[in-house]
Amino acid sequence: MHEAQLSRRLGQKKRLLEAEEPGSDLHGAPTPSPTEPRLGRPASLGPQRSLYFSSSKSCSARLGSEFFDQPAVALAQAFLGQVLVRRLDDGTELRGRIVETEAYVGPEDEAAHSRGGRQTPRNRGMFMKPGTLYVYVIYGMYFCMNVSSRGDGACVLLRALEPLGGLETMRQLRSALRKGTAGRALKDRELCSGPSKLCQALAIDKSFDQRDLAADTAVWMERSALGASEPAVVAAARVGIGQAGEWAQKPLRFYVRGSPWVSVVDRAAEQSTQSGPLASVCSHEAF
DNA sequence: GAGTCGATTTGCT
DNA sequence: GCAAATCGACTCG
């Protein structure tokens, strides 16, 4: 039963990916200009969108270009608490609150793909307008999802989400891509606690590279409905960038203190990061 | 719970 | 030819 089940799941996944973006050109040929909103657009984005007309009842205020137009460090912090939404081809909406990010500040950042001003076909999204997605393949089998920020070659990596909606679909998507262990059901905490895990859970692949998060119909970001309370943020060293010299040590990873959804907890950094809403992390202007 | 290791393929030098 | 912004399985204590 396993084999049949797995291959069926895989087939399902494949279809999902292939059938992405109805109406816009497929083939993963990313269009620099956003696809125009059309049917199936989220309710929050009306033709005459009055974003704040949703004063209290609707929490779905889609974030626009102006939000993404801030420096990488500021954007990485601003992302915390916001909600990433992925609308599948069948209309299913998958939602997750962002709890962990990393800032890659541009050509001077030795750990960034844009270090030294390198611009290649792969990392082109990093140099496009703020809000552009940069999705790349890592270790031959995983994806990582970044959002371009203000500044050439600067972006923010999304590392972990608190799953809010569509958890069963996320579980299916994640399980379908794991081999050998089709039996065990993934815990909620295993769904989006890592940059590639969240891509799997939201069915984000290379075809999302260079899409515009402010305009796309299949993926967008919404302002948090978290009320007045800002999350307490920890600033820690980034993950997985071993020998990038001094840049490996800089506290450019940000996560919500105490959140069980974070991928890697750094106790030492928590000690040295003061508690309190966005305390101390705002002092990295030098980057 | 922490540490180790193999998987797997793309993109860059 | 090689490193890689990762993950999951496995082992050990």
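In what follows, chains carry the letters A, B, and so on, assigned in the order in which the sequence lines appear, proteins first and then strands, with residues in each chain numbered from 1. Only heavy atoms go into these numbers, but all of them, side chains included; no hydrogens, no water, no symmetry mates.
- None of A:Arg86, A:Arg95, A:Arg87 except one satisfies the salt bridge (Lys or Arg N to Asp or Glu O under 4.0 Å) rule with A:Glu222; the exception is A:Arg95.
- Rounded to the nearest 0.5 Å, atoms CG (A:Leu133) and CD1 (A:Ile204) are 7.0 Å apart.
- Ion pair A:Asp188/A:Arg171 flagged as a salt bridge, since at least one NZ, NE, NH1 or NH2 atom sits closer than 4.0 Å to an Asp/Glu carboxylate oxygen.
- Cluster membership for A:Trp261 and A:Met170, using ILVMFWY side-chain heavy atoms within less than 4.5 angstrom, is shared.
- Inter-residue side-chain proximity for A:Ile241 and A:Glu110 is flagged as unmet; no heavy-atom pair is nearer than 4.5 Å.
- If you check the side chains of A:Ser263 and A:Glu100, you find a donor sitting under 3.5 Å from an acceptor.
- Nucleotide C:dC7 holds its P atom 15 Å from the CZ atom of A:Arg189, rounded to whole Å.
- Rounded to whole Å, atom P of C:dA5 lies 7 Å from atom CZ of A:Arg115.
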Can you give me every donor-acceptor pair (side chain of residues 137-147 of chain A, partner residue at least two apart or in another chain, under 3.5 Å) with its distance?
{"from": "A:Asn146", "atom 1": "ND2", "to": "A:Tyr134", "atom 2": "O", "distance (Å)": "3.1"}

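- Taking only side-chain nitrogens and oxygens, A:Arg118 comes nearer than 4.0 Å to OP1 or OP2 of B:dT13.
- Annotation: A:Tyr104 is not in aromatic contact with A:His113 [ring centroid separation under 6.0 Å not met].
- If you check residues 152-161 of chain A against DNA chain C, the residues with a heavy atom closer than 4.0 Å are A:Leu157, A:Arg159, listed by number.
- Contacts between residues 130-142 of chain A and DNA chain C, defined by a heavy-atom separation under 4.0 Å, are made by A:Tyr136, A:Ile138, A:Tyr139, A:Tyr142.
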Taking Watson-Crick and G-U wobble contacts under 3.5 angstrom, with | marking pairs to another strand and [ ] crossing pairs, the secondary structure of DNA chain C is written ||||.|||||||.
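- Counting non-hydrogen atoms under 4.0 angstrom, A:Arg238 reaches nothing in the nucleic acid.
- For the residue pair A:Tyr255/A:Glu102, the side-chain donor-acceptor check at 3.5 Å is not satisfied.
- When the C1' atom of C:dA4 is taken as reference, atom CD of A:Glu110 falls 16 Å away, rounded to whole Å.
- For A:Lys206, no side-chain nitrogen or oxygen approaches OP1 or OP2 of B:dT10 to under 4.0 Å.
- A cation-pi arrangement is present between A:Arg211 and A:Phe208 under the rule of less than 6.0 angstrom and at most 45 degrees off the ring axis.
- Residues meeting the salt bridge (charged side-chain N to carboxylate O under 4.0 Å, His left out) test with A:Arg115, sequence neighbours left out: none.
- We find that A:Arg267 and A:Glu270 are joined by a salt bridge, their nearest charged nitrogen and carboxylate oxygen being less than 4.0 Å apart.
- Within 4.0 Å of A:Met126, counting heavy atoms only, lies at least one base atom of the nucleic acid.
- Per the geometry, CG belonging to A:Asn146 stands 11 Å off P belonging to C:dT6, to the nearest Å.
- Side-chain contact of A:Arg150 with A:Gln70: a donor-acceptor pair under 3.5 Å is absent, judged by distance alone.
- Atoms CG (A:Asn123) and C1' (B:dG11) sit 10 Å apart, rounded to a whole Å.
- Regarding contacts with the backbone of C:dA5, every side-chain N or O of A:Arg253 stays at 4.0 angstrom or more from both OP1 and OP2.
- C:dT6 atom P lies 9 Å from atom NE2 of A:His113, rounded to whole Å.
- Taking atom OH on A:Tyr104 and atom C1' on C:dA4, their separation rounds to 12 Å, with Å as the unit.
- In this structure, A:Gln200 atom CD and C:dG8 atom P are separated by 6 Å, rounded to whole Å.
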Heteroatom pairs (N/O) under 3.5 angstrom, protein to nucleotides 10-13 of chain C:
none

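- Judged by distance alone, with hydrogens and angles left aside, the side-chain atoms of A:Arg253 form no donor-acceptor pair with the main-chain N or O of A:Val234 at under 3.5 Å.
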